[in-house]
Amino acid sequence: MSIQGGRLSKQLESRIREAANERIVELIGERVELRQRGRNWLGLCPFHDDHSPSLSVNPQKRVYKCFSCGKGGDAVDFLLESGAFKGYRETMEYLAKRLGVYSSELAGMDVTPAPVVQCKPSSLETLLLPAGLPAKYVGNYELNPLAAWLKALPWQATEAASVDWWLRQYLVGTSAKGETLGWTIWWQIDVDGNVRDGKAMKYLSNGHRCKEGYCVNNIGAMLEKAGKLNRKGTQTRHCLFGLHLLNCVEDIGAITEAWIVESEKSAVIAAIDGCISSPQRLWLATGGKGNLNAEALKPLEERGLRITLVPDVDAYDSWCAFAKAQKGVRVSDIVKRHVEELGQHGDIADLITLRMNEQRQGIQTADGVKGVGGPGLQDEMQCDVAMQPVRTSDDEARSASHQTSGAREERG
């Protein structure tokens, strides 16, 4: 049943807008290729013939703005402007379903999450970087603070010996000169070997990404600035980090499972860790919270891989909402379960390194002494293999509310 009448009440519309704007990067990112630049996300504007990223999404202010055509507003305004739905009522109904906004005004509405409706695809060709570029930067890890930090972690002996091997398998690069000396380079290479994108990132000696000043640069933009790449008439279409490994059966074995995290660093650490890695499991990364979309999963689905998302704590609900709209995509809450230890921005890499240090220090936890090779994380991952249907925090809250209500009725 659709939302009845014309416009919704101001109170309900406000609730839907607020929920949508909390996930403005996710909602717009499903329809526009977005790339993070500092606090904002940039992409090609779908509302005019845009050849260089003019659309800016600010998650703090919860607005978007095109600096070429002037269009702007919040997440709801974007969907209305995009024409993805017939009009106001259909747009708000979609968002109510998608975001789990419930009200008596919506009584009888089918709350099954609606599928993502894409804007009209761009006719621009996919930007491809020179095929031999990644190989030129693989190595030089003695200059790379992140690589040095990875090698210094208290791995088990076999894991420690595989760190360099995994860095090379993922084609992790190092900038060896200039103002980006020592920066880590993450490449996005598709299943056909095409280099879709690359980004250079500055890491500190503690393994954390530098977030002050100039610390991230896009490889395509750097090449264009140097006169070595013409991006006119093309569009960057991201793919998952690590996707090229699907063709490396001889090196890493036959792959049947794809486990997807947000950061490239997390994917590499998870692959190294002997507790949660396996020859059948490939760890991939979106390269950003808002980069998860149905298009990115197609190469995995075409190969019949079992797909599991492992979101950071603060991305759990949005990734669950995405998974509900897909077929056969599961979500692991292995990180979210440890929010008290990891904080709101914790990820699987934080959990692995935390357990490593606890093992080294001999700290007893509720699950026993848990380290990289300890039983704790391994047991949790085995549990995740047989997970229940995807549940968001809203689902859990409603379930708890129903249980409380039932208990009251029994007492009555």
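What you see below is based on every heavy atom in this structure, not just the backbone, and it leaves out hydrogens, waters and symmetry mates. On a predicted model such as this, the values are computed, not experimentally measured, just so you know.
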Notebook entry, point to check: R17 and D77: salt bridge (charged side-chain N to carboxylate O under 4.0 Å, His left out), yes or no, with the steps?
Noted result: CA-CA 9 Å; R17 280 187 182 271; D77 296 327; 3.5 Å; yes

Check this for me: [X], atom [atom1], are more than 12 non-hydrogen atoms of other residues, nucleotides or ligands nearer than 6.0 Å?
{"X": "E142", "atom1": "CD", "value": "yes"}
{"X": "Q60", "atom1": "CD", "value": "yes"}
{"X": "Y137", "atom1": "OH", "value": "no"}

Next item on the list: Could you check Q344, H345, K336 and say which one makes a side-chain hydrogen bond (donor to acceptor under 3.5 Å, both in side chains) with D314?
Entry: H345

Only pairs under 3.5 Å count here: list side-chain donor-acceptor contacts from residues 37-45, not counting sequence neighbours, and write none if there are none.
| residue | atom | partner | partner atom | Å |
| --- | --- | --- | --- | --- |
| N40 | OD1 | N58 | ND2 | 3.3 |

Margin query: I'd like to check the side chain to side chain contact (heavy atoms under 4.5 Å, CB included) partners of N206; sequence neighbours left out, ordered by chain and number.
Written below: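 Result, side chain to side chain contact (heavy atoms under 4.5 Å, CB included) vs N206: L204, H208.
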
Return the minimal non-hydrogen interatomic distance between [X] and [Y], and the atom names on each side.
{"X": "E257", "Y": "L305", "result": "N-CD2, 4.4 Å"}
{"X": "A160", "Y": "W155", "result": "N-CB, 3.5 Å"}
{"X": "A285", "Y": "E262", "result": "CB-O, 3.7 Å"}
{"X": "G198", "Y": "N218", "result": "O-ND2, 3.5 Å"}
{"X": "E341", "Y": "L354", "result": "OE2-CD2, 3.7 Å"}
{"X": "T126", "Y": "R237", "result": "OG1-NH1, 2.9 Å"}

Notebook entry, point to check: Looking at D190 and R196, does any basic side-chain N land under 4.0 Å from a carboxylate oxygen?
Noted result: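 Salt bridge: yes.
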
For a 4.5 angstrom cut-off between non-hydrogen side-chain atoms, does [X] reach [Y]?
{"X": "I185", "Y": "V172", "answer": "no"}
{"X": "R31", "Y": "L79", "answer": "yes"}
{"X": "K202", "Y": "R209", "answer": "no"}
{"X": "Y203", "Y": "C210", "answer": "no"}
{"X": "D347", "Y": "L342", "answer": "no"}
{"X": "W187", "Y": "Y170", "answer": "no"}
{"X": "E30", "Y": "E26", "answer": "yes"}
{"X": "F47", "Y": "F78", "answer": "yes"}

Next item on the list: Test L167 against every option in T184, V268, L146 by the side chain to side chain contact (heavy atoms under 4.5 Å, CB included) rule and name the one that passes.
Entry: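 Only match with L167 under side chain to side chain contact (heavy atoms under 4.5 Å, CB included): V268.
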
Check: Pick one: which of V195, D197, L229 meets side chain to side chain contact (heavy atoms under 4.5 Å, CB included) with L127?
Finding: L229

Under a 3.5 Å cutoff, is there a donor and acceptor pairing between the side chains of [X] and [Y]?
{"X": "T308", "Y": "R330", "value": "yes"}
{"X": "T174", "Y": "N140", "value": "no"}
{"X": "Y88", "Y": "E13", "value": "yes"}

Margin query: Run L34 and V57 through side chain to side chain contact (heavy atoms under 4.5 Å, CB included) and show every step you take.
Written below: CA-CA 9 Å; L34 293 178; V57 182; 4.2 Å; yes

Next item on the list: Please determine if K324 forms a cation-pi arrangement with W319, meaning its NZ or CZ atom is less than 6.0 Å from the six-membered ring centre and no more than 45° off the ring axis.
Entry: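 No, cation not above the ring by the 6.0 Å, 45° rule.
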
Next item on the list: Check step by step if side-chain hydrogen bond (donor to acceptor under 3.5 Å, both in side chains) holds for Q188 and W186.
Entry: CA-CA 7 Å; Q188 290 186 3; W186 307 110; over 6 Å; no

Item checked: E264 vs K199, salt bridge (charged side-chain N to carboxylate O under 4.0 Å, His left out): CA-CA, chis, key distance, verdict -> CA-CA 11 Å; E264 298 90 345; K199 60 182 177 182; 3.1 Å; yes

Checklist line | Distance, nearest 0.5 Å, that separates CE of M92 from CZ of R15 | finding: 11.0 Å

Item checked: From CA spacing to verdict: salt bridge (charged side-chain N to carboxylate O under 4.0 Å, His left out), E358, R355 -> CA-CA 5 Å; E358 286 175 349; R355 294 297 182 242; 2.9 Å; yes

